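Note that this is a predicted model, so its numbers are computed, not measured.
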Amino acid sequence: MQFIKPKNKNAEKVDWEISEKVRSTVKYYSEYTEYSESEVVEVFLSNLLEDKKFIEWIESRRNNKRIVKQLEIEDKVAKENGTA
């Protein structure tokens, strides 16, 4: 038997402005995948952490340890530095 694991989302509402086209895209993709709109946005934005140039930019930041910890990307930074 597989037990249900908690999502452990520390979610909070944000005040962003996005275009009608993007809202519609998220809405219809949500219907297509049968995920909530919030989950669709969460997954897509999480994919930004796969951008190697973004990770390099974070590494170049002074005092980047806080950013690395917040984004939970210690393993990606270690791989880029060749220490993993």
So, for S36 and S30, which heavy atoms are closest and what is the spacing to 0.1 Å?
C-OG, 3.5 Å
Which pair of heavy atoms, one from V26 and one from V41, lies closest together, and at what distance?
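So the two residues come closest at CG1-CG2, 3.9 Å.
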Measure the [atom1]-[atom2] distance between [X] and [Y] for me, rounded to the nearest 0.5 Å.
| X | Y | atom1 | atom2 | answer |
| --- | --- | --- | --- | --- |
| I55 | L71 | CD1 | CG | 7.5 Å |
| E37 | E31 | CD | CD | 8.0 Å |
| K76 | E59 | NZ | CD | 12.0 Å |
| L49 | I58 | CG | CD1 | 7.0 Å |
| S24 | I18 | OG | CD1 | 9.5 Å |
| R61 | R66 | CZ | CZ | 9.0 Å |

Would you please name every residue forming a ring pair (Phe, Tyr, Trp, His ring centres under 6.0 Å) with Y28, sequence neighbours left out?
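Y28 satisfies ring pair (Phe, Tyr, Trp, His ring centres under 6.0 Å) with no other residue.
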Does V43 belong to the same Ile/Leu/Val/Met/Phe/Trp/Tyr cluster as V22, with side-chain heavy atoms less than 4.5 Å apart forming each link?
no
Please answer: with hydrophobic residues joined when any side-chain heavy atoms are less than 4.5 Å apart, are V40 and L48 in the same cluster?
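Yes: a chain of side-chain contacts under 4.5 Å links V40 to L48.
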So, using side-chain contact (heavy atoms from CB on, under 4.5 Å) as the criterion, who are the partners of D51 when residues are at least two apart?
K53, F54
Keeping the roles fixed (side chain from Q70, backbone from I67), state whether a donor-acceptor pair exists under 3.5 Å.
no
Would you please indicate yes or no on a ring centroid separation below 6.0 angstrom for F44 and Y29?
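Yes, the ring centres sit under 6.0 Å apart.
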In the structure I gave you, are the side-chain heavy atoms of K69 and K65 within less than 4.5 Å of one another anywhere?
no
